[in-house]
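Here is the structure we will look at, set down as structure tokens.
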Protein chains: 2
Amino acid sequence: MNNEKISLLIDRYMKVSFYVNKMGELLIKDQICDVLTNEQYYTLRFIAQQGLCTSTEISEAFYINKSAVTSNINRLEGKGLIERQQDRSDRRVFHLKLSKEGAELLRETEHKIHKLVESIMTNFEYEEIVRFLDTYEKLSQIFIQMKNGKQEEM
Amino acid sequence: MNNEKISLLIDRYMKVSFYVNKMGELLIKDQICDVLTNEQYYTLRFIAQQGLCTSTEISEAFYINKSAVTSNINRLEGKGLIERQQDRSDRRVFHLKLSKEGAELLRETEHKIHKLVESIMTNFEYEEIVRFLDTYEKLSQIFIQMKNGKQEEM
DNA sequence: ACATATAGTTAAGTGATTGAACTAATTTTT
DNA sequence: AAAAATTAGTTCAATCACTTAACTATATGT
């Protein structure tokens, strides 16, 4: 493929991914209650999916430093949405879980977002969505391989 | 489509888009010189594409407040990468353009990113890329319509 | 027992953002 | 032509999310 063609694809991708992400964030912001930021919603979501979960796991899943996790979960704990529970057998570890309020808030938010996505999805054939996600996940796999390749250099 | 199926697609989409964006950001960060953040690179890129460009245009394109633009361009001007030029016929307006250093830095960065994307693209058929972008852009169009619909309510 | 590794926190600093109040310049209305 | 409204951009105070480096406390390996 020639350079011109590649540049055009780069422009298309950067433009559309920027716009879709931005709009996605704004739509989610509209759905979630004012007490949560989008990042905080993602964190709640992750903790709930893990069941029990530690700071280190969040740090690795979100590719951020553990100190960033500490401040994020401090904010969530301050709002009474999550709780820390010290592990008995290894007292360095703190397990995170949603409080009753956190779980309820997440449940409501998930419901709203589900409805929103449902309405968007009516514009697509199921096959088109799946094909799109397949390519997207293939790209994701390539990134994983690139990262592994890079780590082996070290 | 049933709820279960929708939830699965939501999970797939959120997971893959988060990961791809994150990795994309990290790869770009690797390419751009240490003096630039990713946001600053995007801003430089936009100013260059516009030729002449104002704060208000950046604000609208990036969906951020004008006060955020002011601080962003202050940082770029502080590094000597862009210049402000007051419009003669409307003295409220300041035109932004890349300085010689800014243009050179952007040129180098674009080249590196072009090489990177080229290497990633070898993993895909051209048709697969285009099909992916078509669906992505369709989603983007839907967001635009939703936004317009919402504005008409007001 | 001593050295090393791990889990998490603290502290200082930065970048990106919002919102409200503001200045200066331009346009519209009366 | 004067007054009112709009527009372009800035300033200020606050918040969030993040980084890096230094730290505490606990656990593990030799």
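Residue numbers begin at 1 in each chain, while the letters A, B, ... track the order of the sequences. Hydrogens, waters and symmetry mates are skipped; everything else that's a heavy atom, side chains included, is used.
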Within the pair [X] and [N], is there a side-chain N or O less than 4.0 Å away from OP1 or OP2?
| X | N | value |
| --- | --- | --- |
| B:Gln86 | C:dA25 | no |
| A:Arg88 | D:dT26 | no |
| A:Asn65 | D:dT20 | yes |
| B:Thr37 | C:dA16 | yes |

Rounding to a whole Å, what distance do you find between [X]:[atom1] and [N]:[atom2]?
| X | N | atom1 | atom2 | result |
| --- | --- | --- | --- | --- |
| A:Leu76 | C:dT9 | CG | C1' | 17 Å |
| A:Glu60 | C:dT6 | CD | P | 11 Å |
| B:Ile64 | D:dA17 | CD1 | P | 17 Å |
| A:Arg92 | C:dG8 | CZ | P | 9 Å |
| A:Phe62 | D:dC18 | CZ | C1' | 14 Å |
| A:Lys29 | C:dA16 | NZ | C1' | 12 Å |
| B:Asn72 | C:dA16 | CG | P | 6 Å |
| B:Arg91 | C:dT23 | CZ | C1' | 13 Å |

Has A:Lys5 got its NZ or CZ under 6.0 Å from the middle of the six-membered ring of B:Tyr126, at an angle within 45 degrees of the ring axis?
yes
Looking for any heavy atom pair under 4.0 Å, which part of the strands does [X] touch: base, sugar-phosphate only, or nothing?
| X | answer |
| --- | --- |
| A:Ser59 | nothing |
| B:Ser71 | base |
| B:Thr56 | sugar-phosphate |

If you assign each of A:Ser55 and A:Lys22 to its closest nucleotide in DNA chain C, which residue comes earlier from the 5' end?
A:Ser55
Parallel, tilted or perpendicular, as decided by the 30° and 60° cut-offs, for the rings of A:Phe46 and A:Phe62:
perpendicular
Do B:Ser67 and C:dG19 share a donor-acceptor pair, side chain to base, under 3.5 Å?
yes
For residues 74-81 of chain B, dump all side-chain donor-acceptor pairs below 3.5 Å to protein atoms at least two apart in sequence or in another chain.
unit_1, atom_1, unit_2, atom_2, d
B:Asn74, OD1, B:Arg84, NH1, 3.3
B:Asn74, OD1, B:Arg84, NH2, 2.9
B:Asn74, ND2, B:Thr70, O, 3.3
B:Arg75, NH2, B:Asn72, OD1, 2.8
B:Glu77, OE1, B:Arg84, NH1, 2.4
B:Lys79, NZ, B:Val35, O, 2.6
B:Lys79, NZ, B:Gln40, OE1, 2.7

Do A:Tyr13 and B:Tyr136 get their side chains close enough for a donor-acceptor pair, meaning under 3.5 Å?
no
Does the side chain of A:Thr37 pick up a donor-acceptor pair with the side chain of A:Glu39 at under 3.5 Å?
no
From C-beta outward on B:Glu39, which listed nucleotide comes closest to its side chain: C:dT26, C:dT17, D:dA17?
C:dT17
